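Quick note: numbers below take in every heavy atom, side chains included, and nothing from hydrogens, waters or symmetry partners. Note that the coordinates shown come from a computational prediction; the quantities given were computed from them, not determined experimentally.
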Amino acid sequence: MKDIIKLIYVKDGNEYTTEINRALFLDQMDRFVDWYSADGSNYNAQKLSDIIPVIDTIRINYSIIETQDVPFFEYTLNDGSEENIFKLRRPFKIIWEILQYYCDKAVNGN
């Protein structure tokens, strides 16, 4: 398993990239699973915890996301180039803010 997940963020016709520390991202999702297991609002974190170990890239297209009721991202797995879609379920605000943090990081070149 590689240590990083490549994030590709497309906004205003520009493509930005950054790296997500796989272990840190997985740890964040695992914590959300634990914190929110009582009220059942941990679907997004649970599903991400399941796939983070095998994700190779995450692609977020701002132009498409801003037209959607619920955000989503495309991803590829380590064993292939086939694109998959992860559509978040409500509530998704905390998970989406984490992903948006990485998008902002990509735009700012950090």
Side-chain angles (χ1 to χ4, degrees):
M1 173 170 51
K2 293 190 292 187
D3 293 339
I4 58 110
I5 298 169
K6 180 179 179 183
L7 175 88
I8 303 162
Y9 181 51
V10 179
K11 184 175 183 182
D12 300 328
N14 297 306
E15 189 172 283
Y16 306 95
T17 61
T18 193
E19 296 178 346
I20 300 172
N21 179 297
R22 185 183 309 276
L24 176 63
F25 194 36
L26 182 57
D27 184 56
Q28 289 173 320
M29 294 307 113
D30 286 345
R31 287 180 191 223
F32 290 136
V33 168
D34 290 342
W35 289 340
Y36 298 109
S37 61
D39 68 3
S41 63
N42 64 349
Y43 173 85
N44 295 320
Q46 180 61 58
K47 292 300 178 186
L48 282 168
S49 288
D50 292 345
I51 64 173
I52 286 172
V54 293
I55 288 180
D56 188 39
T57 64
I58 293 175
R59 181 179 184 87
I60 298 173
N61 189 322
Y62 177 80
S63 300
I64 296 172
I65 296 302
E66 71 177 353
T67 66
Q68 302 298 303
D69 184 40
V70 177
F72 70 93
F73 61 85
E74 299 168 282
Y75 66 96
T76 60
L77 302 176
N78 293 332
D79 63 358
S81 61
E82 179 181 336
E83 290 188 347
N84 302 281
I85 295 177
F86 187 104
K87 189 169 186 175
L88 284 93
R89 289 188 186 174
R90 286 188 173 86
F92 59 80
K93 185 174 177 160
I94 294 171
I95 304 296
W96 189 245
E97 285 181 2
I98 291 170
L99 290 168
Q100 189 59 55
Y101 163 80
Y102 288 112
C103 292
D104 293 343
K105 182 179 170 186
V107 170
N108 294 323
N110 295 327

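Side-chain heavy atoms closer than 4.5 Å link hydrophobic residues (I, L, V, M, F, W, Y) into clusters, and following such links, even through other members, never connects Val10 to Ile58. The cluster map of Ile, Leu, Val, Met, Phe, Trp and Tyr, joined by side-chain heavy atoms under 4.5 Å apart, puts Phe73 and Ile94 in the same cluster. Residues Ile8 and Leu88 are members of separate hydrophobic clusters, defined by side-chain heavy-atom contacts under 4.5 angstrom among Ile, Leu, Val, Met, Phe, Trp and Tyr.
Lys47 approaches Phe86 most closely through the heavy-atom pair CB-CE1, 3.5 Å. Of all heavy-atom pairs between Asp50 and Pro53, the closest is O-CD, 3.7 Å. Heavy-atom minimum distance, Tyr75 versus Ile85: CE2-C, 3.9 Å.
Atom OH of Tyr62 and atom CG of Asn14 lie 13.5 Å apart (nearest 0.5 Å). Expressed to the nearest 0.5 Å, how far NZ of Lys6 lies from OG1 of Thr18 amounts to 11.0 Å. To the nearest 0.5 angstrom, Leu48 atom CG is 9.0 Å from Ile98 atom CD1. With rounding to the nearest 0.5 Å, the separation of CD in Glu97 from CG in Asp104 is 10.5 Å. Here the straight-line distance linking atom CG of Asp34 with atom CG of Asn42 works out to 9.0 Å at 0.5 Å rounding.
Between Asn44 and Arg89, the closest side-chain pair of non-hydrogen atoms falls below 4.5 Å. Using a 4.5 Å heavy-atom threshold, the side chains of Leu7 and Cys103 count as touching. The shortest side-chain heavy-atom distance between Arg22 and Ile4 does not fall under the 4.5 Å cut-off. Trp96 places a side-chain heavy atom less than 4.5 Å from the side chain of Ile60.
Taking the six-membered ring for Trp and thresholds of 30 and 60 degrees, Tyr16 and Tyr9 have ring planes inclined between 30 and 60 degrees apart.
For Glu82, the side-chain contact (heavy atoms from CB on, under 4.5 Å) partners two or more places apart in sequence, or in a different chain, are Asn84.
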Ignoring hydrogens and angles, write down the donor-acceptor pairs under 3.5 Å from the side chains of residues 23-30, residues two or more places apart or on other chains.
residue	atom	partner	partner atom	Å
Asp27	OD2	Arg31	NE	3.1
Asp27	OD2	Arg31	NH2	3.4
Asp30	OD1	Ser49	OG	2.8

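Sorted by first then second residue, the salt bridge (charged side-chain N to carboxylate O under 4.0 Å, His left out) pairs that include residues 59-76, not counting sequence neighbours, are Glu15-Arg59, Asp69-Arg90.
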